[in-house]
Amino acid sequence: MEILVAVIALAGALLAAVATGALIRRLRDEPEGWLIAWTVAAGALCLSLAAIGVGSVLGFGPATFRVYQVTGSLLAPLWLAVGLIQLLSDKVPPRFLAWLFGIALTIVSVAILTFDPLRSTDLGKSLPSGSAMWGLIPDKLLIGVHAIDVLVLLACVVVAGLKWRGGDEYDTDNLHAVLVIAPSSIALVGAMRFSVPPLFTTALLAVGAAAIWYTVLRPLAPYEDDEDDLETPHDDVERRPGRRVAPEPVPVPAAEPPPVAPPRRSPGLGDLVAEYRAGDQQVDYAARMGAAPDSGPATGYIMNGSPPPRMDTSPRMDAQPPRPDYSMPGTGVAYPGAELFTPSQPQQAGGRPSPSIYGLLTVFTIMDGAGDAFDRLAEATVEAVRRGEPDTLVYACHAVKSAPLQRIVYELYRDEVAYRDHQRQPHVERFLNERQAMVLATNVIELYVNAAKVVPLPTVMF
C-alpha cells in the first residue's frame, strides 16, 4: 500500500509542480491577486505530495511530517480560500483584509507548527494522522483554520451564485471556478481533519492541484488564447504568451510622386481596398498610403498577412463636418454607423486629465458587404461595455463618411489596469473572434491624453 501511495504522491507532486510553473509564467503578465494566492496553494500542494512520496518510501520523520502537514493541511486550503475572495470581490477593502489575514495567519501558524514538539518521533512509512501527532496548541490551531476555510469557501459559493444570477458570461466563469475549487478544498480539509485512508488523502491532494490547474488555465483564460488581439499595442502583445503577434510595420522609403490621374472623390483606404479586390494592380499603393511625418505612431498593422506602411490618419483639412443622420434605429448617435459610449458625468472644470489615462485608436478596413454585420456586432459590444465597464471612459465606433469600408474604434480607459480588465471581458472576446471574418486590414495607434473635454453626447429615442 505504501508503494501505491508513494507513486500517486510523486505523480501528484509533478502535476502540482507543472501547475505552479504555469501560474508563475502567467503571473509575469497578469499579476492578479487570485493568481498569486493560488500559486502559493499549488506550490504548497507540490511540497506536501513530495513529502508524502518520500516518507512512504524512506519512512516519515519529524521533518517530512511537518512539511506534509504545514503545506497540505494549513497553507493549501487557506490560500485557496484567499484566492476565491480575491477573485469574487469587487471592492478593495475585502481583498486587502483577506491578504492581511492570510499573511498574518500563515506567519503565526507556520511558526507554531514548526517549533512545537510532536507527541512522537517514531512514525514509520504509513501516512501519520495529524491529530495523533500534534500537541494541544497546534491541533486546536488547525481546527480553527479549517473551520474558517470551510466558512469562507461556502460563503464564496453563495456569493458566486448570486453574482451569476444577475451577471454576464464572466460571472459564469467565476461560478465555474468556485464550483471546482470550493468542493475540492472542503474535501481536502476533511481528509486532513479526520482519519481517512492514506491513499484517499493523497488522491485528494493531487485532485486539489489538478483543480487549480484546470480552473486557471481553462475557464478563466479563454481571453488569453486563440485571439487575434489587434486592440493591444504591439509592444504589449509581444510580452503575452499565447497571443498572435502583429507584424512590425515596415518603413517604406519616400516614393516618387504618382502620375497625375483624373480627380477622385474623397480618396481613402476603403477605395484602395476596393481597387485591390477588383484587380487594379497598377495603383501605387506605397505612395498613396505613405504616412506623413506627423501622422502619429501606428503601433500595429495587418493587411492580407503582409505589413504595409502606416496609414495616414491625420484629418482632412478640406473635409466638411458630417451632418447629423438619425436614420439608423437603435444607434442613439448622430453619425451613420457610429456607436458611442461616454462617461455619465461631465468633466469638472479646471485641472488636467490624469496621466494614467490610456487610449487606443483602431482603424478597421472591412470586407465589402460586411458593414451592416460589423455595425451590429459593434453596437452589441458598446452596449455591453456601457453596462459592465465603469473604468472604460470612452468606447466609440465611428463610420467614415468618405470611406464606406472603414470603421474607427476610439477607446479611453482610466488606466492600463482597466484596459487589461476590458480585454478579459467575454463581450470583447466575442468582438475579437467574430470580426475576423469581416475585417481585411487593421491599424492600431496607441494614445495618451494631453488635454480633453468630455461631456455626455446628445441621444435620440426611437
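In this text the structure is predicted, and so the values were computed from the model without any measurement.
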Inter-residue atom distance Leu75.CG - Leu80.CG, 0.5 Å rounding: 10.5 Å

Which atom of Asp375 lies closest to which atom of Arg407, heavy atoms considered: OD1-NE, 2.8 Å

Audit row: Tyr358, Arg420, side chain to side chain contact (heavy atoms under 4.5 Å, CB included) steps and yes/no: CA-CA 11 Å; Tyr358 180 77; Arg420 289 197 297 270; over 6 Å; no

Any side-chain heavy-atom pair of Met192 and Leu74 under 4.5 Å: no

Distance (rounded to the nearest 0.5 Å) between Thr202 OG1 and Ile52 CD1: 4.0 Å

Distance-only donor-acceptor hits, side chain of residues 11-24, under 3.5 Å, sequence neighbours excluded:
{"from": "Thr20", "atom 1": "OG1", "to": "Ala16", "atom 2": "O", "distance (Å)": "2.7"}
{"from": "Thr20", "atom 1": "OG1", "to": "Gly43", "atom 2": "N", "distance (Å)": "3.4"}

Ile357 side chain reached by Asp415 side chain, heavy atoms, under 4.5 Å: no

Spacing of CD1 belonging to Ile148 relative to CG belonging to Leu153, to within rounding of 0.5 Å: 11.5 Å

Basic-acidic side-chain contact under 4.0 Å: Arg165, Asp171: no

Mutual orientation of the aromatic rings belonging to Phe364 and Phe431 [parallel < 30°, tilted 30-60°, perpendicular > 60°]: perpendicular

Nearest-0.5 Å distance that lies between atom CD1 in Ile366 and atom CZ in Phe374: 6.5 Å

Side-chain donor or acceptor of Glu429 paired with backbone N/O of Gln425 under 3.5 Å: no

Test log, rule side-chain hydrogen bond (donor to acceptor under 3.5 Å, both in side chains), inputs Trp79 and Thr106: CA-CA 9 Å; Trp79 286 99; Thr106 296; 3.1 Å; yes

Side chains of His146 and Ser73, donor plus acceptor under 3.5 Å: yes

Shortest non-hydrogen contact from Arg435 toward Leu377: N-CD2, 3.8 Å

Candidate list Arg386, Glu389, His422, test side-chain contact (heavy atoms from CB on, under 4.5 Å), partner Tyr395, passing option: His422

Sequence neighbours excluded - salt bridge (Lys or Arg N to Asp or Glu O under 4.0 Å) pairs with any residue from residues 36-53: none

Closest contact, heavy atoms only, Leu205 versus Leu188: CD2-CD1, 3.2 Å

Salt-bridge contact Arg424-Glu32 (side-chain N to carboxylate O under 4.0 Å): yes

Student check: side-chain heavy atoms of Thr442 and Val363 closer than 4.5 Å: no

Least distance between heavy atoms, Pro353 atom then Ala451 atom: CG-CA, 4.0 Å

Test log, rule side chain to side chain contact (heavy atoms under 4.5 Å, CB included), inputs Ile85 and Val152: CA-CA 8 Å; Ile85 296 175; Val152 170; 3.8 Å; yes

Over all atoms of both residues, closest heavy-atom pair of Cys156 and Leu84: SG-CB, 3.7 Å

Flag side-chain contact, heavy atom, 4.5 Å: Thr365 against Val439: no

Main-chain N/O of Ser89 paired with Arg95 side-chain donor or acceptor, under 3.5 Å: yes

Side chain to side chain contact (heavy atoms under 4.5 Å, CB included) between Thr362 and Ile408, worked out: CA-CA 6 Å; Thr362 308; Ile408 299 176; over 6 Å; no

Pairwise side-chain contact, Val394 with Glu411, heavy-atom cut-off 4.5 Å (strictly under): no

Any donor-acceptor N or O pair under 3.5 Å, side chains Trp99, Gln86: yes

Pairwise distance OG1(Thr392) to CG(Asp421) - rounded to 0.5 angstrom: 8.5 Å

Side chain proximity check, Lys163 to Asn174, heavy atoms < 4.5 angstrom: no

4.5 Å side-chain heavy-atom contact, Tyr214 and Val180: yes

Ile8 CD1 to Phe200 CZ distance, which is reported to the nearest 0.5 Å: 11.5 Å

